[in-house]
Amino acid sequence: MKLKEKINEILKSLKKLYPDAHCALNFKNPHELLIATILSAQCTDERVNMVTEKLFKKYKTIKDFANTDLLEFEKDIYSTGFYRNKAKNIIGAAKIIDKKYNGKVPKDFDQLLELPGVARKTANCVMGNAFNIATGVVVDTHVIRITEKLGLTKNKDPKKIEEDLIKLLPKEEWINFSHMIIWHGRKICIARRPKCEICKLNRICPSVAI
DNA sequence: CTCCCGATAT
DNA sequence: ATATCAGGAG
């Protein structure tokens, strides 16, 4: 099967399986999504949502994040792991957004990339889910694992994987594709023990193990 | 490449 | 005990 036919089959199946796939991180505005996404590195979205529920009641504006005490903030986000890096990055990003962008998260991929703790995955996530602008494909741990298993890429580097996916996917699918893959990665194609026997993609997956 | 790092499932 | 979770920086 040609790769283009394959991606269309995968898209069709995923849409049927996960018709309401969406960003699982809870947020009410762009800066909340930015912070939740930084916190989500190597941490479940469920845990991030537990932390941000309290966090976003304590810190309302970008200024609140920019002016908080580092050690206090580390405690506020402690259970998400990597808390020292994440605290430094979130406060650093908030200071830049406050000073340079007048407290509003820039609606610009390259400007997002300049913020500490923000690389392509986070910038694509914010552009897509906060602003509904498709700047690329979010390549996270699930997307890396599952697109490789499905034979959609042979690359290991997230940026190259993203380039491969951009070529394969219609632009209007860029944002939703990651949501559906992540849903699939959490429910079926689980890293430790993939449930290939009940996976709807098992007929077209080269890595199926039954 | 290594380091950052707590919580959870297996 | 160990792998894994919506990664990024040095």
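All values below were derived from every heavy atom in this structure, side-chain atoms included, with hydrogens, water molecules and symmetry-related copies excluded.
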Participant: With a 4.0 Å cut-off on heavy atoms, is A:Thr122 in touch with a base, just the backbone sugar-phosphate, or nothing at all?
Facilitator: sugar-phosphate

Participant: May I have all residue pairs that pass side-chain hydrogen bond (donor to acceptor under 3.5 Å, both in side chains) and include part of residues 79-89 of chain A, sequence neighbours excluded?
Facilitator: none

Participant: Any pair with a residue in residues 174-184 of chain A that passes side-chain hydrogen bond (donor to acceptor under 3.5 Å, both in side chains), sequence neighbours left out, goes on the list, sorted by first then second residue, please.
Facilitator: A:Tyr18-A:His184, A:Asn129-A:His179

Participant: Check the distance between C:dG8's C1' and A:Asp140's CG and give it to me in whole angstrom.
Facilitator: 14 Å

Participant: Categorize A:Ala36 for me: base, sugar-phosphate, or nothing, with a 4.0 angstrom heavy-atom threshold over every strand shown.
Facilitator: nothing

Participant: Take atom P in C:dG8 and the same atom in B:dA7, then report the distance between them in whole Å.
Facilitator: 22 Å

Participant: Taking atom P of C:dA6 as reference, at what distance in whole Å does atom NZ of A:Lys187 sit?
Facilitator: 12 Å

Participant: Measure from CG on A:Leu34 to P on C:dA6 and round the result to the nearest Å.
Facilitator: 18 Å

Participant: Residues two or more places apart in sequence or in another chain: which of them pass side chain to side chain contact (heavy atoms under 4.5 Å, CB included) with A:Lys28?
Facilitator: A:Glu32, A:Phe56

Participant: Rounded to whole Å, how long is the line connecting atom CZ of A:Phe177 with atom P of C:dA6?
Facilitator: 16 Å

Participant: Taking only residues two or more places apart in sequence or in another chain, which ones pass salt bridge (charged side-chain N to carboxylate O under 4.0 Å, His left out) with A:Glu72?
Facilitator: A:Lys58

Participant: Rounded to whole angstrom, note down the P distance from C:dA1 over to B:dC4.
Facilitator: 22 Å

Participant: C:dA9 P sits how many Å from A:Asn89 CG, rounded?
Facilitator: 7 Å

Participant: I'd like to check the side chain to side chain contact (heavy atoms under 4.5 Å, CB included) partners of A:Leu152; sequence neighbours left out, ordered by chain and number.
Facilitator: A:Leu3, A:Ile7, A:Ile10, A:Thr147, A:Leu150, A:Leu165, A:Leu168, A:Phe177

Participant: Taking only heavy atoms on the protein side, list every residue of residues 142-163 of chain A lying under 4.0 Å from any atom of DNA chain B, sorted numerically.
Facilitator: none

Participant: Between A:Arg192 and A:Val118, who's closer to the 5' end of DNA chain C by nearest nucleotide?
Facilitator: A:Arg192

Participant: When you measure from every atom of DNA chain B, which of residues 38-61 of chain A have a heavy atom less than 4.0 Å away?
Facilitator: A:Gln42, A:Arg47

Participant: Assign A:Arg186 to base, sugar-phosphate, or nothing according to its heavy-atom contacts below 4.0 angstrom with the strands shown.
Facilitator: sugar-phosphate

Participant: Could you check how far CD1 of A:Ile181 sits from P of C:dC5, rounded to whole Å?
Facilitator: 14 Å

Participant: Please identify the 5'-most and 3'-most nucleotides of DNA chain B with any atom under 4.0 angstrom from a heavy atom of chain A.
Facilitator: B:dC4 to B:dT10

Participant: Who pairs with A:Glu114 by side chain to side chain contact (heavy atoms under 4.5 Å, CB included), at least two apart in sequence or on another chain?
Facilitator: A:Lys100, A:Tyr101

Participant: Does A:Asn155 have any side chain to side chain contact (heavy atoms under 4.5 Å, CB included) partners at least two apart in sequence or in another chain, and if so, which?
Facilitator: A:Thr153, A:Lys160, A:Ile161, A:Asp164

Participant: Measuring only the P atom in each nucleotide, how far is C:dA6 from B:dA9? A whole number of Å is fine.
Facilitator: 13 Å

Participant: Please work out which residues in residues 66-85 of chain A have a non-hydrogen atom less than 4.0 Å from an atom of DNA chain B and list them by number.
Facilitator: A:Tyr78, A:Ser79, A:Gly81, A:Phe82, A:Tyr83, A:Arg84, A:Asn85

Participant: Just the rounded figure in Å: distance from P of C:dA9 to NZ of A:Lys88.
Facilitator: 10 Å

Participant: Run the salt bridge (charged side-chain N to carboxylate O under 4.0 Å, His left out) test against A:Arg186 and tell me which residues pass, sequence neighbours left out.
Facilitator: A:Asp45

